[in-house]
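Below is one structure, written out as structure tokens, with a few remarks after it.
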2 protein chains.
Amino acid sequence: MKFDDKVPIYYQIKEYLYHQIVTGTLQPGEKLPSVRQLAIDVTANVNTVQRALTEMLSEEIIESQRGKGNFVTTDVEGIKQLHNKLVKEQLTLVYQQLHALNLSDDEILSEMKSYMESRDGQHE
Amino acid sequence: MKFDDKVPIYYQIKEYLYHQIVTGTLQPGEKLPSVRQLAIDVTANVNTVQRALTEMLSEEIIESQRGKGNFVTTDVEGIKQLHNKLVKEQLTLVYQQLHALNLSDDEILSEMKSYMESRDGQHE
DNA sequence: TATAGTGTATTAGTTTACTAGTACACTATA
DNA sequence: TATAGTGTACTAGTAAACTAATACACTATA
């Protein structure tokens, strides 16, 4: 797994797992890979993976059963809220940044549209 | 200055100065505050500020004159390109993230619009 | 010329993220 | 019951970011 060296690895692992959960790649109640397997999957250390999981546990997005494994919460509503939260965080971030670059609301929207159009040709 | 503890301080200082330059708060050819003054302004260490400046020097956005100070480049075109680069980086980032959250192009735009509308009432 | 204000370089020490290895408690199962 | 697979805890060490202090070269100016 490629990491952005500007951001802690544990944090990127957390974001990676959050994406898997909110997009349904990991279903509610589903068992996560073991910490050891996850460490191999994302090419990081067990302790680094564990740190990501510990935060997710405290946020009640996953549940831990000693000796069995870690499981995605069955609280579907909580997962939805997480999804909304992640979307809003992204919107807030890009809005603040582009506003700081002196772009108006309309300019932000039109820049986004032209960016999307420029991507269309790329087939990716 | 408030720092996001997920990102290196020198990097945030660099972004801060980039914003000042592309928005015209710091004009082309204008002298930057001294490294010592900048360190006070942003509440960081001289060496940390210097690290940010060193990268900006290598990117030719500022120029250094020993004994005099650091100056914003007079290359207006280069500043424009930097502005475009920063905008595009933000668009790329938010697009990738929201796509990974299973939002379509249309949904991204409509979410952005409703986010902007929700901000309207806040007068900020 | 003396002094203050510049950028720059160097050394040292602290903190944090990360890695590495080990050990232990619990669970399922052959 | 023995074994393998879990989560979890702990200690130790490394690397990078950051801070701190100092020194030096250059420039402007009183």
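Residue numbers start from 1 in every chain, and the chains themselves are labelled A, B, ... in the order their sequence lines are given, proteins ahead of strands.
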In whole angstrom, give the distance that lies between atom [atom1] of [X] and atom [atom2] of [N].
X	N	atom1	atom2	result
Y10(A)	dT16(C)	OH	C1'	10 Å
D4(A)	dA17(D)	CG	C1'	15 Å
I40(A)	dA20(C)	CD1	C1'	14 Å
E63(A)	dG7(D)	CD	P	14 Å
L38(A)	dG7(D)	CG	C1'	12 Å
Q37(B)	dG5(C)	CD	P	11 Å
Q50(A)	dT19(C)	CD	P	14 Å

Using side chain to side chain contact (heavy atoms under 4.5 Å, CB included) as the criterion, list what pairs up with S114(B), not counting sequence neighbours.
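If we apply the side chain to side chain contact (heavy atoms under 4.5 Å, CB included) test to S114(B), skipping adjacent residues, the hits are E111(B).
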For K68(B), what residues pass the side chain to side chain contact (heavy atoms under 4.5 Å, CB included) criterion, not counting sequence neighbours?
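Partners of K68(B) by the side chain to side chain contact (heavy atoms under 4.5 Å, CB included) criterion, ordered by chain and then number, come out as Q65(B), F71(B).
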How many angstroms lie between CD1 in I61(A) and CD in Q81(A), if you round to the nearest 0.5 Å?
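Result: 8.5 Å between the selected atoms.
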Checking the side chain of E55(A) only, and the main-chain atoms of A52(A) only, is there a donor and an acceptor separated by less than 3.5 Å?
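It does not hold such a pair.
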Okay, side chain of E30(A), backbone of Q27(A): is any donor-acceptor separation there less than 3.5 Å?
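Here the side-chain-to-backbone pair exists.
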K14(A)/E59(A) salt bridge by N-O under 4.0 Å criterion
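Yes, this pair counts.
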For residues L103(B) and I108(B), report the shortest heavy-atom separation together with the two atoms involved.
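Where L103(B) meets I108(B) most closely, the heavy atoms are CB-CG1, 3.9 Å.
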Both N45(A) and L53(B) contact DNA chain C. Taking the nearest nucleotide for each, which residue is further toward the 5' end?
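Whichever sits nearer the 5' end wins; that is L53(B).
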Using the side-chain hydrogen bond (donor to acceptor under 3.5 Å, both in side chains) rule, collect all pairs that involve residues 33-50 of chain A, keeping only residues at least two apart or in two chains.
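Qualifying pairs, neighbours excluded: Q37(A)-D41(A), N45(A)-N47(A).
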Comparing N47(A) and R51(B) on DNA chain D - which has the more 5′ nearest nucleotide
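So the residue in question is N47(A).
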Dot-bracket for DNA chain C: what is it, with Watson-Crick or G-U pairs under 3.5 Å, [ ] where a pair crosses earlier ones, and | for a pair to another strand?
||||||||||||||||||||||||||||||
Can you tell me if the side-chain N/O atoms of [X] get under 4.0 Å from OP1 or OP2 in [N]?
X	N	result
S64(B)	dG7(C)	no
S34(A)	dG5(D)	no
N70(B)	dG7(C)	yes

Would you mind listing every ring pair (Phe, Tyr, Trp, His ring centres under 6.0 Å) that reaches into residues 84-103 of chain A, with sequence neighbours excluded?
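Only Y95(A)-H99(A), Y95(A)-Y115(B) qualify under ring pair (Phe, Tyr, Trp, His ring centres under 6.0 Å).
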Can you tabulate the close N/O pairs, meaning under 3.5 Å, that link protein atoms to atoms of nucleotides 23-28 of chain C?
from    : atom 1 : to     : atom 2 : distance (Å)
dA28(C) : OP1    : K68(A) : NZ     : 3.1

Over all strands shown, is T48(A) touching base, sugar-phosphate only, or nothing at heavy-atom distances under 4.0 angstrom?
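The answer is base, as T48(A) lies within the cut-off (heavy atoms under 4.0 Å) of a base atom.
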